Every structure is written in C-alpha cells, then in structure tokens.
> 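Okay, here's the structure, questions in a sec.
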Amino acid sequence: MEKMSRVTTALSSSALTGHTMHCHLDAPANAISVCRDAAQVVVAGRSIFKIYAIEEEQFVEKLNLRVGRKPSLNLSCADVVWHQMDENLLATAATNGVVVTWNLGRPSRNKQDQLFTEHKRTVNKVCFHPSEAHVLLSGSQDGFMKCFDLRRKDSVSTFSGQSESVRDVQFSIRDYFTFASTFENGNVQLWDIRRPDRCERMFTAHNGPVFCCDWHPEDRGWLATGGRDKMVKVWDMTTQRAKEVHCVQTIASVARVKWRPECRHHLATCSMMVDHNIYVWDVRRPFVPAAMFEEHRDVTTGIAWRHPHDPSFLLSGSKDSTLCQHLFRDASQPVERANPEGLCYGLFGDLAFAAKESLVAAESGRKPYAGDRRHPIFFKRKLDPAEPFAGLASSALSVFEMEPGSGSMSWFVDTAERYALAGRPLAELCDHNSKVARELGRNQVAQTWTMLRIIYCSPGLVPTTNLNHSVGKGSSCGLPLMNSFNLKDMAQGLGSETRLDRSKGDTRSDTVLLDSSATLITNEDNEETEGSDVPADYLLGDAEGEDDELYLLDPDHAHTEEPEYVLPQEAFPLRHEIVDTPPGPENLQDKADSPHVSGSEADVASLAPMDSSFSLVSVSHALYDSRLPPDFFSALVCDMLRFYAEQGDVQMAVSVLIVLGERVRKDIDEQTQEHWYASYIDLLQRFCLWNVSNQVVKLSTSRAISCLNQASTTLHVNCSHCKRPMSSRGWVCDRCHRCASMCAVCHHVVKGLFVWCQGCSHGGHLQHIMKWLEGSSHCPAGCGHLCEYS
Amino acid sequence: MRLAAAANEAYTASLAVSELLGCKQCGGGRGQDEELGIRIPRPLGHGPSRFIPEKEILQVGSEDAQMHALFADSFAALGRLDNITLVMVFHPQYLESFLKTQHYLLQMDGPLPLHYRHYIGIMAAARHQCSYLVNLHVNDFLHVGGDSKWLNGLENAPQKLQNLGELNKLLAHRPWLITKEHIEQLLKAEEHSWSLAELVHAVVLLTHYHSLASFTFGCGISPEIHCDGGHTFRPPSVNNYCICDITNGNHSVEENQVNSAGNVSISDSFFEVEALMEKMRQLQECRDEEEASQEEMASRFEIEKRESMFVFSSDDDEVTPAREISRHFEDTSYGYKDFSRHGMHVPTFRVQDYCWEDHGYSLVNRLYPDVGQLIDEKFHIAYNLTYNTMAMHKDVDTSMLRRAIWNYIHCMFGIRYDDYDYGEINQLLDRSFKVYIKTIVCTPEKVTKRMYDSFWRQFKHSEKVHVNLLLIEARMQAELLYALRAITRYMT
C-alpha cells in the first residue's frame, strides 16, 4: 500500500496499471527498449523488428519496421534503443556492423532514416545520449566506439579501446560528457566524449568478457557491471580508483543488468545461457535474489523497466519468442523457499544450530526441554531496520556448549599420537597399543588389543615362553619403545614443527589449543565474546556436576568407566572357567548368557578376563591346545569393529583395521572402511594431528583414501632474495642465480629440512629458526617481517 | 638421385605398418643382425615430421629457457616428449596452452574415468585413421588399467561408449547434423546413459582428437619410436629395401612429381608472396569504397560454402585404412566426402546467434568447470598468434589473412559471420591452399607431402605449422559449436 502511494506520487497524474502478461513474437528477440511514455515497446532480433503498444490486458502490435522484399542483414538487429527524449527516434545495431536510425515520423512505410556503415564488425550496442537529442554512441566487435551526430553523415569521433571488442556502451545519466564501455577482455573504460584520444580511466572489472553495464539512475558514481564470470559488481566511480562496493554471484553468465527505479539497491539481471529466469537482486543481500520471474522458456535477451519512476513493471524479451510484462507483486520470492537452518559441531563437541526464529522462540518458550541438561546459548542478530526482508528470513543461532573439562578430548589426541600402527610385528603392535590405552585409563580398549593379540598371533607360531617374554618386555620398556617410534616413524623434523607451533600458540594465546587445560581457556574466551555480543538471550549454564551427558565421541568414555569398578570381582571366576573348558571361542560367546556375567554389556564382559598378563598366558595356552584358526574369529572381530565405530570411537576401528591389515580387511566392505577412514582422518585434522593423519592415509589400503595425500603436492616457493616465484625445479633461482635455500641464521645452505616463513620467504634450518623464534618473533634475515610459522 | 632416395625413405614411414607386416610375410629379416640375439630398434624416418626437414626443427638440447620449461612440463605430464610437441614448439606460446589443456582433459579432475578418456581419444583418432594418435593412446589406455579387450573394436567396449560412436561419426564429418535428439539418446539410455557433465567432457575430448588428428596429418608427424611403424630392426643401409615395399608402392612416381614441382616453382613462388601482400593491401585500402549490397554478401557466403565442397585434390585415390585401426569404427565408408560428392546442402549457422565466447564458453564452464577457460585461452592464442611476418617480409599485419583462414574453415562447416565479406577469402586464399585446408579439415588422412609443399611455397615451415594451428583450432571450435548448440537446445 505504501509503495503504491509512493508510485502514484512519482508518476503524478497517470499511474501505470497492468497485469503480468505475455505475447508471442514471430521470432526470437535480441533486445527490447521502451518508449519514453511507457506505453510502447520495441522488440528487435535477427528476423523481427516490431513496435508493440502495452495495453491494460495485452500487447498490441503497432508497427512492423521490417519492410522490403528482401530481408537485409541491416535489419538483423543485435541491439535496439529508443530515444528517451524523442518518441520518434530509434537506433539499431546490426550484426553486420551497420548502425541504423529510424524516424517514426516519416510518412512513408519505410521508417529507416540513416545508415552508418563505419564499423567493420558486428555492432554490439547502441546508446543515445540521455539529454542530447542528436548524439548516438555505438560499440562494436572491432574494438571501436563511435559517436554519431544524427545531423551529419559520418561519425563525429572514434574511440579506440585498444582491445578486441566492445560489449556495451552507456552514457552516464548524470555526467554530461562521460560514458562507460565494457570489453571482452574484462576491462571497463570511462571516456570523456570530448577526448577521443585516450580513456579517462580503465580498470579490470571481471575475469572474462564484461557483457553489460548500467549507471545508477540516482547515485552519480555507481556503475553495475555483469560478466561471463557470473558476477554482478557494483563500482563506486567517484573515488580515485574504482572501488567495488557490492558483488552478487549469480549462477550463469550475466547478459543484462538494469537498476530498478526508485529502489536504490535493487537491480535486475538476466543470463546469457542455461538459466532462463530474470532476477531482481538487493545488492546488500547478494546470496538470495529478492525476486524472480520465471515466465520464459528460453534465455532472456532483453530486459527493461517500463517507466523510469515505477519499480513494479518489468518488460522482457526472450529467445523463446515471447515478450513479457512482469509485475513485481507477482514475482516469486526465493527467500520464502529458503531454509534458514544449519547445524555444526565444534572441535570440542560444541554444537551450534541456526533455525527460523519462530521455531526457536516456540522451543525456548517451552523451557523444560531447553533448560534441562544442555545449556543452549542463544544468539540473536540485532535487526537492522534498514535491511530488506528482515522479517522474511531471519534465523536465530543457538549454541550448546560442552561442560568445561568433561568435553576434553585429550585421550583422543594422546591415543592418536602414541598408537603404533605399523612397522613392527603384530604382537608388539597390539601390546604397545594396549599399554597406551591402559595408561590412558581406557581399559576396555586395552583389553580389546590384548584379545586381538591372542587371536591373531597364533601360538602355533609363537611359543608360549616367547610370548610371555615379549609381554614382560613390552610392559617393562613401553615408554622407551614409544619414544623410538616417535623418532623413527614420524618425520622427525615435522614432529618438532608441531611442537614449535604449540609453543608459539601459547605465547600468542589465540590459536586453538589441544590439551584440556587449554580447553578451559578457550571456553572462557568464547563465553566472554559471546556475552558481549548478546546480552539479551544469553543463558549461562550452572555447570552442575551431575551432568554426564556427553557428546560425539564420548559415549565410549562413559562405558569404560563402569566396568572399571566391576572388573576385579569378575575377572577371576571367569578365567577359571576358560581354563576348564578348552574350546575358548565358544566359551566366549556362551558367556553372554552365563550367569556369571553381571554387567549389562556382554561385549565388555567378554573382554574382562584378559585384564592381567596372568590371564593372558593361560588363555593362550587354551587356544594353543585347541588350534583354532584365526579366521574363526574374524566375524567376531568385525562385529567388534562395527561396535566401536557405532559407539563413535572410529579411532579404535581404524587403528585395528590398520594393525590387522589383510586379516580382517576382506570381511568388511570397502565403503564402510572408506567411511571410517574418512571420519578418522577428518577428526585427526580437526585436532591438527597432521602427522598421524598422514600416516593413516599412507597405511590405508582403500584407493579413495590413499590418493588423498597424492593431491596438491606442489609447493610454490619464492626466492628468498628477489621474492619472485621460483618457477624451475631445484633450489637455485632463475633470476638472481643464487641459491635460495640459505639459512637466515647461520648463512649456510640448508640440506634436509628447510623451514621458511610464507610471508617473507626467509627461513633456514629448523633448529636454528626455532631457537631464533624463542628470542624474537622478527625475521632472522633482518627484513623486519613478523614471521609466522604454522 | 641421393635426394630422391632420402625422400623415398621418409615416405616409407607412412607405410611402415603394412611394410613391416609385408616383410614378415615374405620371410624378410635378411638384414637382421642377430649376433647378440637382441634386436635394436632404429628410428624410421627423419625427425618428428615427414614434411619438415629435420634440420628445420628445433633440436632437443638447443632450446631456450621457456621452451625447456615447456618440454619439462610435457615430459612430466606425459612421460614422453612426443613428436607433436616437437613440431608445435615452433610456437611455444600456443604449445603451453595446448599442453595445459590436454593435460587437464586427460589427467586432471573430470567426470570421466581415465581409461574412458583415452578410449574416447582412440575412437576420435580412429575416425580419421590416425594410427599415430591411436598407437599413443592405446599405450596410455592400457597403462591406466584399461581392458585390452575393448581394443578389439567398439563393439567390445561398454554399451555406453558404443552409444557415443554415432556422435563421434557426426562430429568428425557432418557436425551440422547433430540435433538435440542425438543428445537425448545419449542422456536417456537407462543404465548406459551419460550425464551432462560426462557428455561435455566426451565432446571436448572428441573434438580435441579430431582436430589433433588433422594436425598430425597436416604436419606429417612421424610415428613415435616405440610405436608400430616408428622403428625398424633393419640396419641403416639404404639399398636394403625389402622387395615388397618396392612392388606395392607407386610412391616413387609421386616423388618425382614433387621434385619436378619443386624445381619449377621457385621463381614464381616468390611472386606468390608479393601478390598476396598486394591483395591484402588493396583490400585494406578500398574496403570502404566499393560496398557490396546485402544480397551480394549473402550470396558470396553461399558461393564460398558451395565451392568449398568441390575443392578437392584430384589425386584422392582410395587408401584402404590399416586394418588394425579400422576396427574401432564400424562403417568406414561414412565420411565427409560422401556428402560433398552428392552436394548435400549445409544449413547456415549464424555465429551472431550462438558463438563460443558468449554461449559455448558459458555452457562448458558450467558443466565442466575450468575447461571452458582453458579452451577459451587456447582459441584466443591460436587466433591472435602472430609474429607480424610473412615469408621474408617483416612487420606485416596478418590479421586479415588469419581471419580469412579461420572464416573459410567455419564456412566449410556452414558457420557464417554476418560481419564478414566472404569475397575476401577468394582474394586471399589460392586454390592449392584451399585444397590443403579442405583436405586437412575434412579428410586429413589424405594429405600428402605434395599438398604440403605446393601451397605457400615461399613461406617458412614455422608459418605452415602456424596455419595448421589455426586450422585445428577453427575446426575444433566449429565442431564444439554444433555439439554445444545441440546440448543447449536439449536443455531448454
């Protein structure tokens, strides 16, 4: 209603009325243009050139300008424009390079007025001066723009763009002498009509051809451009350098762009290919179009607002041979179909989701749910009254935070770092991993490892005495072994690089930290910032102690704790039972039903007896006697892996998979394996455990995973002397012919690990740089750069 | 005599496949020295091209830094430095873009699996009986784990690839016949259907290899040493020809013709260049003066288009394709020639309604990201490449000549530029040149050294290679335009 009244004031006496309607043309249209009085529209194409009157209910053909027996190429129009001062004057650009003017006032049937055949190639665009009656501008494929005075036979001046072809020319609406031209190579030039020798200003606006441009009708300095790179950009030309003020990313090359009258931030676009719709964008909300017209069945080739002061009528011509009038109130609004909901997990198990405000409001009103054990924190964007469709698509963000401490994932990190996955006999790997798990208090996992060792390291191959011995050895020197793993299996330098990273992180205290103490710090940080953002709906949890609801990977944790207390009691009776009945595995299964098992978790219970190395020996004796092939267990092991994966402990699943290798791989389908690997690698990378993740990738047998570290293996380096990219292989710069890999600290050539700052290209021996950075964070080369190593 | 003998030897390279077979049949191997029991292959022919003397071509090792980097890239990507690269390096700027595109098409991210890509390459090259490309890609195909059974013929390949056969045939010989129905058939074939992205990838590959086949024949690329016909085990002795080569060939006669032609022409070929330059100057000057009427312009295009069909070398004797390759395509008889003899009408395709820059690019880039950009760059470089030289003249603006060549090729495919006066083509391109262009673009397998030698006799080899680059890019664009237009029509 409000809009309507404004329209009527703008149009003073005669308000436009009409409906959304279309009419069929005989041929595809290439361009359309509206008469000054908003009552007529001209449509031009390769084989059509007609004027239609826009009536209340329909389009009525008024005049066919395509006369003559033989159709001439001069009539094959690439563009058409109607003079905004003189109702009788039209100009067309022909595909053969001719510019034609038409005078509707001529008494004869043929309204052709003048013919300019100066361009050598197709003319892409013609444009009348907005306030001067006789000035016409054309832009052609041959790279020239020509300015014609309609009172003379030839062009008045020629502007050379020094480039292949001109795609659009537009006179500035406010500046009398200025016009803009766009080019196929992505440039936009500004010209002064009085100075044909050189352009006033030139800048690269798009990657690839710029198909169109349009001056803002009110704002003097704003120019919108659309290009093949699917972007619409709005430039502020008043500043020294053209500044990009807005950018809209569309889904197809932009063929036309037109500012919407009376709406400062709106513009309409249509695309060159593939997409047939017309969009009206609010440049401040560049992701979802404000309105969409979906009438056309083929690409839209021409759009025009019907009246320069009426924002609700849009006319369009299309390759599907129709001419349409669109009414803004009939447009579809993609915002309504948008789904403003999102969900994301944070590194420490925090959960955030955004949902439609109405939904969230209802939820929090119910309180009992929102308030119970998790502590959601609500964010609400402060509404900007100036912003469009604030009511249409606004969403509220809620964040569920982990309890400080309980969400610590340090066990995950420790496990990942300390597990041994390859490079030693299976028995040793299992022992080592079991020990690691036990040290971290994850007994169930530890026992699983021990079990695996027993199942797969067939005692037929390993004499019991040896077995015993290796167990003893493993437990006695577990730590040193692990150290040797760290040094040997991981790339030594890289390992210390992570350490370097961490120490730096501490000093600057803004990096994401990995250990649990750091979790506390960051959480506090978070709360502070959140608090300052949203004082209104901020609910801080009371941090109750009884909260044991855990997220993501933690359920496993919860389960391990319980059996821990139960185990000592159960272990002994069970062990005896096994010794008594030799066929071990059946027994293991039986146990699920056995009355001795009091724990709810059959799986856990079955693992229980192997708690001490004592039981280990005895069980392996039993197996030795029965000589069961390891294959016998594979189904069970697979179930176990699936169990862990479902529990969320994908780490265990993957580690076992890698350690056991061929022994179980064939029993689990490729896709599941891939899925596990992918999730584990993703987790590792979230915790910045790059080395471990790379090791996992390397050890994986699935093709999709192992190719992960084959991609993007190129390192682009700059020469440390001349700062230019080193194109050739090797460490000698092509340009300055000096060795680029000198250590900035000791000034020797670095052989082996070279670490360098990506900002200034200086670097050197890892140890030297680490040492240097302890004392100073400036570049050791003295270039003054504040080096950053990640 | 010595000259003739050398040329003779070069010529045998083209017949090498049949020749080797022939030798085995007649129990050859009389020259084989089997002292150690190892047969050491020796390259046949001289240098990478049969048409261009070896000394004219850049020697590996004497290249400048830019070329060296290109060679290194090419070697890194392909694991070889093939003869095509060695000839194209006349134009390093283009070569760089070419290699980048080819590498992307064959090895980088894309909707099609690697072995499909090579197989499509084989299919495309086989349409023109280009044994050079087929051999190269058979190796690559097997290397990336392709099934060697497929190589026994298209009917042994999956149904999905067989469906592509029809499009391959049309694209290679009559692209204007491609309709949206063809596209629909490929996209809606139940479990054998192609996705749009795959189809665009396949189309780009097909057009790439059709035009690359043109280049291979147009520059007389010699077989690689490791491929069939690229080597011989006979010791390098001139008079050691197996009898069967001599009996099966009429080439000795042809050689004489070439020689005689070469001798006669040296004086008038000098004037050829002068005349061409003079024509260009005239066209430049009097362009505005005599303005042809619209009807005139339209008919000029039609005339040129019709004429282009009858431009054919007189000596296109039937060469039966080598059996080994012909298995990849069912009906050998289907070719460009057939329709041209019957004077079939080629409909006009107007560039102003569907051009590469606006429409083709947008479509390709949407369905197969990045490739549109790469091909676009390649077209640009090929179209705009110039050293401002013509034979012995420097500082010549050759844009008019290049445009004439480009538009002439498009004209053969029925593609019309509204803003071009097709009269210029007649002025600038003489008959022998037209014959060469026509043969390379439409039936590249029929190109002979004589054709190569007889056009633009005074021009440098590098310039002839330049012409070839223009030819293959224009051809690729023409095929792409038709295929992409059909896809666009299908989509709307």
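Letters go in sequence order (proteins before strands), and every chain restarts at 1. All values below come from the heavy atoms of this structure, side chains included, with hydrogens, waters and symmetry mates left out. Quick caveat, the model's predicted, so the values are computed rather than measured.
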> Would you mind checking which part of His119(A) comes under 4.5 Å of any heavy atom in chain B, side chain (CB onward), backbone (N, CA, C, O), both or neither?
neither

> Go through the atoms of Arg46(A) and report whether side chain, backbone, both or neither lie under 4.5 Å from a heavy atom of chain B.
side chain

> Quick check on Asp376(B) against chain A: is it the side chain, the backbone, both or neither that has a heavy atom closer than 4.5 Å?
side chain

> Grab the two heavy atoms, one from Ala27(A) and one from Ser47(A), that are nearest each other, plus how far apart they are.
CB-OG, 3.4 Å

> Please classify the contact of Glu184(A) with chain B as side chain, backbone, both or neither, using a heavy-atom distance under 4.5 Å.
side chain

> Strictly by modelled atom types, are Asn365(B) and Gln373(B) linked by a side-chain donor-acceptor pair under 3.5 Å?
no

> Heavy-atom distance under 4.5 Å to chain B: side chain of Ser76(A), backbone, both or neither?
side chain

> My understanding is that only one of Val257(A), Val232(A), Val210(A), Asp168(A) makes a side-chain contact (heavy atoms from CB on, under 4.5 Å) with Thr225(A); could you say which?
Val210(A)

> Counting only non-hydrogen atoms closer than 4.5 Å, does Thr488(B) touch chain A with its backbone (N, CA, C, O), its side chain (CB onward), both, or neither?
side chain

> Hey, does the Lys NZ or Arg CZ of Arg228(A) hover above the aromatic six-ring of Tyr361(B), less than 6.0 Å from the centre and inside 45° of the axis?
yes

> Using the rule given for side chain to side chain donor-acceptor pair (under 3.5 Å), can you reason through Ser316(A) versus Thr300(A), listing the C-alpha separation, both sets of side-chain angles and the distance that settles it, and then say yes or no?
CA-CA 7 Å; Ser316(A) 69; Thr300(A) 311; 5.6 Å; no

> Chain B: which of Thr301(A), Asp320(A), Asp142(A), Thr122(A) shares the most heavy-atom pairs with it under 4.5 Å?
Thr122(A)

> About how many Å separate OG of Ser165(A) and CD of Gln141(A), when rounded to the nearest 0.5 Å?
4.0 Å

> So which residue, Lys230(A), His276(A), Lys319(A), ends up with the most heavy-atom pairs under 4.5 Å with chain B?
His276(A)

